[in-house]
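Notes to accompany the following structure.
Throughout, protein chains are lettered first and strands after them, A, B, ... in sequence-line order, and every chain is numbered starting at 1.
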Amino acid sequence: MTSTPLLPAGSAIRARGAVRRRTDGVDALVVALWLACGGLILLPIGALLVLAGRGDQLGVLLHGDVLQAGANSLFSATVSALAAVVIGTTFAVLLDRTDLPGRTVLRLLALSPLLMPPFVGAIAWLGIAGPTSPLNLWWRGTFGAPLWSIYGADGVILLLTIHSYPIAMLIVSAALRRIPTDLEQAARISGAGPARALTSVTVPLLRPALVSSFVLIAVGNLADFGIPSIIGLPERFVTLATLVYRYLQSGTVDDPLAVVATIGVVLLVLALLALVADGLLARRGWELDSSNAVPERTPLGHARVGVGAMMWAVVLLITVLPLLALLTQTLLRAPGVPLTWENLTLDHLVRAVTTPSALAGAANSTMLASLAAVICGILGLAIGVVVARTSGRAPRALGAVAMVPQAIPGIVIAVAWLILAPSLGLFNTPWLILVAYVTSFTALVVQAVAAPLSATPTSAEEAARVAGAGRLRALVDISARMATPAAVAGAVIVAVTAVRELTLSVLLLSPGSQTLGVAIFNFQQAGAFSTASAWSLIVALVGLAVIGLATRRTS
Amino acid sequence: MASVTLENVSLRYRNGTLGLADIDLDIADGEFIALVGPSGSGKTTLLRSVAGFLTPTAGRILIGDRQLAGGSVSVPPEQRELGMVFQQHAVWPHWNVARNVEYPLRRARVSRLERQRRVAEALELVGLAGYERRDPATLSGGQRQRVALARALVARPRVLLLDEALSALDEPLRDRLRLELHTLTRELGLTVIHVTHDRSEALALADRVAVLDAGRIRQIAAPQTLLERPASPFVARFLSDATLVDGHVAAGRFRAADHPLALPCDLSLPDGSAATAAILPAAVRIVPGDDAVVRSTLFTPEGSDVVVTWHGMTLRVRTHGMRPQVGDRVAVEVGHAVVYPHEPAVAAELPVATPA
Amino acid sequence: MASVTLENVSLRYRNGTLGLADIDLDIADGEFIALVGPSGSGKTTLLRSVAGFLTPTAGRILIGDRQLAGGSVSVPPEQRELGMVFQQHAVWPHWNVARNVEYPLRRARVSRLERQRRVAEALELVGLAGYERRDPATLSGGQRQRVALARALVARPRVLLLDEALSALDEPLRDRLRLELHTLTRELGLTVIHVTHDRSEALALADRVAVLDAGRIRQIAAPQTLLERPASPFVARFLSDATLVDGHVAAGRFRAADHPLALPCDLSLPDGSAATAAILPAAVRIVPGDDAVVRSTLFTPEGSDVVVTWHGMTLRVRTHGMRPQVGDRVAVEVGHAVVYPHEPAVAAELPVATPA
Amino acid sequence: GCSSSTSPAATAEPAAGALEPATITLYTSEPQEKADELVAAFNEIHPEITVEVFRAGTGDLTTRVATERESGGIQADVFLAADAGTFEGYAAEGLLLEYTPADVEALNADVVDAEGFYTGTRIIPTVIAYNTGIITEAPESWQELTDAAYADQIVMPNPDVSGAAAYNAAVWLDDEQLGEEWMTALAENRPVIADSNGPVSQAVATGAQPVGIVVDYLVRELAEQGSPIAVSYPSEGVPYVSQPVGIFADTEQAEAAQAFVDFLVSEEGQKLAVEQSYLPVRSDVGTPEGAPSMDEITILSPDLETIRSTQDAAVETFRSLFLR
Ligand SMILES: Nc1ncnc2c1ncn2[C@@H]1O[C@H](COP(=O)(O)OP(=O)(O)OP(=O)(O)O)[C@@H](O)[C@H]1O
Ligand SMILES: Nc1ncnc2c1ncn2[C@@H]1O[C@H](COP(=O)(O)OP(=O)(O)OP(=O)(O)O)[C@@H](O)[C@H]1O
Ligand SMILES: [Mg+2]
Ligand SMILES: [Mg+2]
């Protein structure tokens, strides 16, 4: 059987339809998507590199402040990402794998920090654990010193954690659903109690998801500005993101833009390294058999009430409490007056929703966020489909490129676009903010789409091919249509993220216009805390409602 | 090794579905029991109740003399000393073969040396001697299922539970593993409960087969008995593809409704009572003639599996030696049929071959 | 409907794996061909080459007179006018049943009214009349597979390709659909290529069965011929679970190495040449005696599937009527065996039952 | 623009006739509401001029200006923000148009650039704010703040971020009564460094730190709302910034821009500033409610040249003392 004459190795003709396949619609689509990504992602990154390359910025980078800020950034990002992964995983396991009471509501509540702009969260938390929070005041009154003040590194890490654990929870939840319950049950039968089955089987199998969410969160937290600026600066805890801001604010460096671009590139490189590491680590995952069994929930038994009460307490503490703090700040007549009935007023709320500039900002943000959601949804769907469903290097590279902007701080992307804007004729138009949103948020949809698609067998499209559809047609009719719900979910996240976006729009706004995030930030900067709180509250509640509706529809 | 007893076990799921209804089952020490039944009949529910993943809402479950479930008692799975093999093998992908097989021994705090010895022994038993260091990802489906079996056996369980353990394998492999499973469990004298969809597998392996339907055991008997004396039209149809015919009893004979078929009937029913006859495919002979048409024939080594339309009735026939062709006109002789008093419920559930 | 011709087709994957080697296959118009073979033997590769998802590295593929692949030609799948049913999931979950079935007609730009008519017709054909508006998620596995079949048939394909189309279904359902598939394709006179793991399914359905191994067709013949005159030890073992015995030919007889077994042999080989005998399970009889021990017996409706150890040789036996018990001491009579010149390659691949 | 052309106020301004209709762009760090009021008042007089406002923090504004210079020119016509230092820098680079407002004699001479590139528009002094619920005896002087009793009780803005704070640091260091000695002593009380004036006033109002160093108008606004907060103008004198306004040299609407600058320092413009709680740059419009009259306040008016040249060093000193 080995003696059969075979084609000479390296024969011109190759298998797998590689023979002179005519270029078709799919190739055209890939080219179009490359053009889109080139314009929306590679172009601003290129501008950044050019800017950073101007002059020698090495001296700046080795400056003590930068090194200190870099160390602070790395420290707060890694510690908070670790904590977020631990909390997110715990929540995901409890919500997905046990019979905890009130899971549906708990899940929704637990997701809510995702909806609150980080700087709003920071404002809210000042009301809870700031030096004058009722708790700290009482503690100071009783014991002479406040219990714990949120200012400083510990507060920054706490808030970063609170605002990023929902991401870990979402990723781990999705991964959990892919782990067959059989594996845990086999451990139970082998003599392991529920907790041990979890730690020796489930958690190790979650490793790729844990690593990915850690990297994603660490990279995101590296770039966060709102929390370290409000919580960190008062205790002199400076991170790279706040340092960027300071360099822009004070004229203490000669060429602030170049310095900022350089710091942006440093963050970009850090993030790329992390993404590569993630790719290497996560690739070493396991192929798991698809299990059609309904995931089994472990009864918590006697612990159900205890664990349930604890979970509720924690979730209420980190989600409802900030909302209550915002509510108090909104309703209180003036900061510093005691919390009594007479001091409550709706004036600030009324003023918030009647201030024309804020209303214009809300309208503008809604428009931009919806457009961004639609564009990111379509672009992300197309990229996700091409990445997950076609082979070859070009589509795979496309996927990688789409993920890169996730790692770049908003303010750096904004600088890049601001540099490019006049030559593109986008200056002083709302479309500038829109393209920056698309740059930053397309990755969210790509991610949402690619995961479920790569789990569906290719026979779905092959059936369409045999039925008479060309490659592109099959991709559009079958894969894209099947992934549409995922893309819509991704687009909803884009919308709620964009509607309260701050760092991009604060630089890219055109005169006379406003976005909601900027409006809130301006109120806060101008000392109108109550109005800022009022809007924050509105944004958070509307976001909760939107996500609640969206998840109800999909489940 | 031990006997398993289910006394009056019922289980209702939270959403109200009745999973098991009044199950009484005595499994002797060392017996091999197979559970078959249509999808949703409660096979998995029964097995998982024995394993401890589900708690019956009524009744008791005992292994040997120890009560595992019932009343306020509910021993968790990890304390039941069972072995279990799942449909998708459930071999842990993050550990090598030895670590997988060793796990139950670790949980039982067996010493390292002893563990090594027993793992080697278990792997030997399932024909994977020397595979200790292999990564499960590098094993074929059949080999993984054997690892799962070794893992289930290594701690010398009192009862071995198999939930569709062979169903995910390709046919030739399934066939081979079926033989090995039988040899192995017989040699070890294990008590086995084996859930399967595959009727021939159940009949092939088990000392007794329990036929479940809608959460109830419809019949439990040795394979031969089940084939020869099905307890109900349902069992006859489910296990042997019997054709069910509605009709009535008259003068000691069964007469089909609207059809020339008439058969002797040893059922003592008053004249005129409605009855259902189950015609087993092997009890029908095809002879030259022209009142029936062959609609389909499937080749089997012994003969053919034939479907004929006979005066509007679709009848399944198993021939021996003879191989009619599709479209042939033939005559049909029904040797005998099992006649049951009419059960409207069954008729509603399974479309009976009422003459059109 | 059309004939399918493969001329000298070879296919090498990019990574160097040889998927198909020198396949010559002529499928007549209206013929039902089954492809069986061990995992990795190239069944799927062959089917996907016909479908157009793979392009052979050498040789030609024709349907009717039209060349689809070969030389510089490679007609894409959507232009081959085929129907295809996959093992799993190929019913599109985002469209209802009618939309699924209608899709090939839409692609062929059939008018709306005509489409409706033909969808209804196709659904009628597979027994799902009136299911047009149903969401696939609400269908059972068997119903979904029927939808896939209706979709494959609706555009009146020239050839129907089935890749393990029934393998994912539970046994009783698989059995039923097997029958329906046969009836349907015979009534429509369709040319069918059916890939399956299941040997009895291949034998049951096909006019001719092709046995593949390592990318080559080892034998292609009608079921009866395959069982009675396997072309090689491999085919005998793969299809009929024959026991392979190494030995040599002496004075017109086959003598097993180190074993008392000796058999008449009609192979004209020089004395002393090495040979392999394939002992079919049905050609062995178990009689009272005590030079063999029953290791395992599986119940079948006709008798038992028995494994005996006979002077160190493990022999598979199929009895009729008689049901020996595990541990029984018996004697073995080998009626006849098919003897082949020794093929070292086969011996290396499949462990031959060499007496220990 | 939001006022109608029939506004009778159009005639009240003797110097200004109607100009060519034009649109100018204003970059400002004024709070949005105040900027909107400002434009509305300006449009009463010049309805034909549309003012596009881009409001952002001073830092964001300077970043934007820097980026615009990178890529084809500054888009703003009028810049109303920051401190004199920024304007000096821009003037040195030739970015500003020379213009002296119409009414210049009526203005406080300290706030008018000698070379005529920019003009201050408000007096924004930095003062001591205290929580009236917690502090019973108001601190009267900067010196008092170094008292150990105020350890951990003080909050102040970060000169790294706030231009006004940077200027203050330079003035304090330059002042002979205060100087580095006072600053070192203040640092020993470990004040909390908030990023801008807004959060400082908030912290004082809520009592987080009952004493703050902050611009005065924020305190007045909070007090008006009912917060337990009050201002104390320290006896040594208060440093102030003047929120200068300047016109970019690139402007194509110089006339309209000049009209806007004129309005800012005109009587009407300054009345509006007073209504908005600012101290004015001219003496004929009174002072905001609750504020002392201008001559009751000691104002630190050091030599601006010195301040400009020492500001960077001052921020550095501040950072080494307060930010470890
Ligand atoms: N977790 C559950 N919650 C509610 N009902 C359930 C659950 N699991 C099973 N059921 C229902 O209980 C009945 C018995 O299910 P079970 O899984 O035991 O059947 P089965 O015989 O194993 O079926 P299959 O052959 O499809 O595996 C079915 O009606 C099923 O729908
Ligand atoms: N995409 C591919 N690239 C490289 N080799 C492949 C590819 N697909 C299949 N092969 C190899 O080609 C050979 C034939 O595979 P094929 O899938 O046709 O076998 P099969 O008979 O269908 O097997 P199974 O019964 O497991 O489905 C195998 O050795 C397989 O490993
Ligand atoms: Mg089941
Ligand atoms: Mg295959």
- Query: Do B/Arg48 and A/Gln185 come close enough that some side-chain heavy atom pair is under 4.5 Å?
  - Reply: yes

To the nearest 0.5 Å, atom CG of B/Asp163 lies from atom CG of A/Asp182 at 8.0 Å

OG of A/Ser190 to CZ of B/Arg106, rounded to nearest 0.5 Å, is 12.5 Å

When every non-hydrogen atom of A/Pro194 is compared with those of B/Glu78, the smallest separation belongs to CD-OE2, 3.4 Å

Item to check | Non-hydrogen side-chain atoms of B/Pro93 and A/Leu183 separated by less than 4.5 Å | outcome: yes

Bottom line for B/Arg151: the part with an atom under 4.5 Å from chain A's heavy atoms is side chain

In short, A/Ala186 meets B/Trp92 closest at the heavy-atom pair C-CZ2, 3.7 Å

Side-chain heavy atoms of B/Arg14 within contact of A/Asp99, under 4.5 Å: yes

Applying a strict 4.5 Å limit to non-hydrogen atoms, the region of B/Ala137 in contact with chain A is neither

Correct closest heavy-atom pair for B/Pro76 and A/Arg188 would be CB-NH2, 3.9 Å

B/His94 (side chain) donor-acceptor with A/Thr202 (main chain) under 3.5 angstrom
no

Side chain proximity check, A/Ser200 to B/Tyr103, heavy atoms < 4.5 angstrom: yes

The interface call for B/Val85 against chain A, heavy-atom contacts under 4.5 Å, is neither

Open item on the list: Does atom CZ (A/Arg196) have a neighbourhood of more than 12 heavy atoms from anything else shown, all under 6.0 Å?
Closed with: no

